[in-house]
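One structure is given below, encoded as structure tokens.
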Amino acid sequence: QVQPAESGGGLVQAGGSLRLSCAPSGRTGSKYGMGWFRATGGTERNFVAAITWSGDNTYYADSVKGRFTISRDDAKNTVYLQMNSVKPEDTAIYYCAAAVYAPSHLRTSARGYDYWGQGTQVTVSS
């Protein structure tokens, strides 16, 4: 079992940048597909970005494409979400998730992920 742990959230002005980190603890000897999701006001978690266990493939929601970048550093056992040109509508709780195995059609769905972090708040001021 693995427990993702997010960090790096906070308050940022519109147009600014922020980098979120996710460092899973637990059974870290295995590699997992990783994803970022976000939720506002207790609603469902919406897909933001994902990266396969190999790092060869990345996926993005249309709303963040060209502004956010997901990456992984396996030497540091950390996944990052670089958020550039942020907008007030990016305000949400951001969750990191790990997938033991996510078939391609589930890599952008919360149903494809097995382990979730507690979330980190990102607030974008206008």
Side-chain angles (χ1 to χ4, degrees):
Q1 191 167 353
V2 64
Q3 179 60 55
E6 307 91 343
S7 62
L11 176 65
V12 60
Q13 286 191 330
S17 297
L18 200 64
R19 188 176 78 164
L20 305 183
S21 299
C22 176
S25 61
R27 190 177 178 182
T28 56
S30 301
K31 296 179 69 173
Y32 299 86
M34 301 297 295
W36 287 96
F37 292 75
R38 63 188 182 187
T40 57
T43 59
E44 64 179 309
R45 298 175 185 182
N46 295 309
F47 171 72
V48 176
I51 187 167
T52 54
W53 69 270
S54 65
D56 289 344
N57 294 294
T58 56
Y59 308 82
Y60 296 95
D62 288 342
S63 58
V64 307
K65 201 170 294 183
R67 299 188 299 121
F68 292 9
T69 302
I70 188 171
S71 61
R72 63 189 302 154
D73 184 340
D74 291 327
K76 296 183 178 179
N77 192 37
T78 301
V79 174
Y80 303 99
L81 183 68
Q82 179 66 43
M83 306 168 61
N84 296 331
S85 302
V86 295
K87 304 174 182 180
E89 50 263 44
D90 293 321
T91 295
I93 298 175
Y94 283 72
Y95 296 90
C96 177
V100 175
Y101 171 72
S104 57
H105 70 284
L106 288 181
R107 288 171 187 167
T108 60
S109 169
R111 295 186 296 117
Y113 292 81
D114 305 287
Y115 306 107
W116 293 82
Q118 295 299 308
T120 185
Q121 176 70 48
V122 172
T123 302
V124 182
S125 63
S126 56

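Quantities reported herein were computed from a predicted structural model and do not represent experimental measurements. What's counted below: heavy atoms across the whole structure, side chains too, no hydrogens, waters or symmetry copies. Just so you know, residue 1 is the first one in the sequence shown, and it goes up from there.
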Exercise. Identify the heavy atoms of L18 and G8 that sit nearest to each other, and give their distance.
Key: CG-O, 3.6 Å

Quiz item: Quick one: are I93 and T120 in side-chain contact, heavy atoms under 4.5 Å?
Solution: no

Quiz prompt | Donor-acceptor contact present, side-chain D114 to main-chain A99, <3.5 Å | solution = no

Self-check item: Pairwise distance CE(M83) to CH2(W36) - rounded to 0.5 angstrom
Solution: 9.0 Å

Practice problem: Evaluate the side-chain proximity of Q121 to T91: yes if any heavy-atom separation is below 4.5 Å, no if none is. | Solution: yes

Practice problem: Check whether more than 12 heavy atoms from other residues, nucleotides or ligands sit under 6.0 Å from atom CD of Q118, and answer yes or no. | Solution: no

Practice problem: Over all heavy atoms of both residues, which pair between A92 and T40 is shortest? Give the atoms and the distance, please. | Solution: CB-CG2, 3.5 Å

Practice problem: Enter the distance from Q13:CD to S125:OG here, rounded to the nearest 0.5 Å. | Solution: 5.0 Å

Quiz prompt | Atom of Y59, atom of T108 and distance for their closest heavy-atom approach | solution = CB-CG2, 4.0 Å

Quiz prompt | 4.5 Å side-chain heavy-atom contact, S21 and E6 | solution = no

Quiz item: So how far is it from L106 CG to Y101 OH, rounded to the nearest 0.5 Å?
Solution: 9.0 Å

Quiz item: Can you tell me how far CZ of R72 sits from CE of M34, rounded to the nearest 0.5 angstrom?
Solution: 7.0 Å

Quiz prompt | Distance-only side-chain donor-acceptor flag, D73 / T78, under 3.5 Å | solution = no

Quiz item: Minimum heavy-atom separation for V2 to P24, with atom names?
Solution: CG2-CB, 3.2 Å

Self-check item: Minimum-distance pair of heavy atoms, taken over all atoms of P88 and S126
Solution: CG-CB, 3.9 Å

Quiz item: Minimum heavy-atom separation for A50 to R107, with atom names?
Solution: CB-O, 3.6 Å

Practice problem: Might you work through the side-chain contact (heavy atoms from CB on, under 4.5 Å) test for D90 and R38, ending with a clear yes or no? | Solution: CA-CA 9 Å; D90 293 321; R38 63 188 182 187; 3.0 Å; yes

Practice problem: Could you give me the CA-CA distance, side-chain angles and deciding distance for L20 and V122, then say whether side-chain contact (heavy atoms from CB on, under 4.5 Å) is met? | Solution: CA-CA 9 Å; L20 305 183; V122 172; 4.0 Å; yes

Exercise. Drop me the distance from N84's CG to F68's CZ, to the nearest 0.5 angstrom.
Key: 8.5 Å

Quiz item: Would C96 and W116 satisfy side-chain contact (heavy atoms from CB on, under 4.5 Å), going step by step from the backbone distance to the final call?
Solution: CA-CA 6 Å; C96 177; W116 293 82; over 6 Å; no

Self-check item: Distance in Å, T52 OG1 paired with I70 CD1, rounded so as to fall on 0.5 Å steps
Solution: 9.5 Å

Quiz item: Hey, are the side chains of V86 and S17 touching, using non-hydrogen atoms and a 4.5 Å cut-off?
Solution: no

Quiz prompt | Pair R19, Y80: side-chain N/O donor-acceptor within cut-off below 3.5 Å | solution = no

Exercise. Would you check if the distance from the ring center of F37 to the ring center of Y95 is below 6.0 Å?
Key: no

Practice problem: Give the cluster check for Y94 versus Y115: same hydrophobic cluster or not, with ILVMFWY residues linked at side-chain heavy-atom distances below 4.5 Å. | Solution: yes

Practice problem: Decide side-chain contact (heavy atoms from CB on, under 4.5 Å) for Y60 and V48; before the verdict, give the C-alpha distance in whole Å, the side-chain angles of both, and the deciding distance to 0.1 Å. | Solution: CA-CA 6 Å; Y60 296 95; V48 176; over 6 Å; no

Quiz item: Is the ring centre of Y113 less than 6.0 Å from the ring centre of Y32?
Solution: no

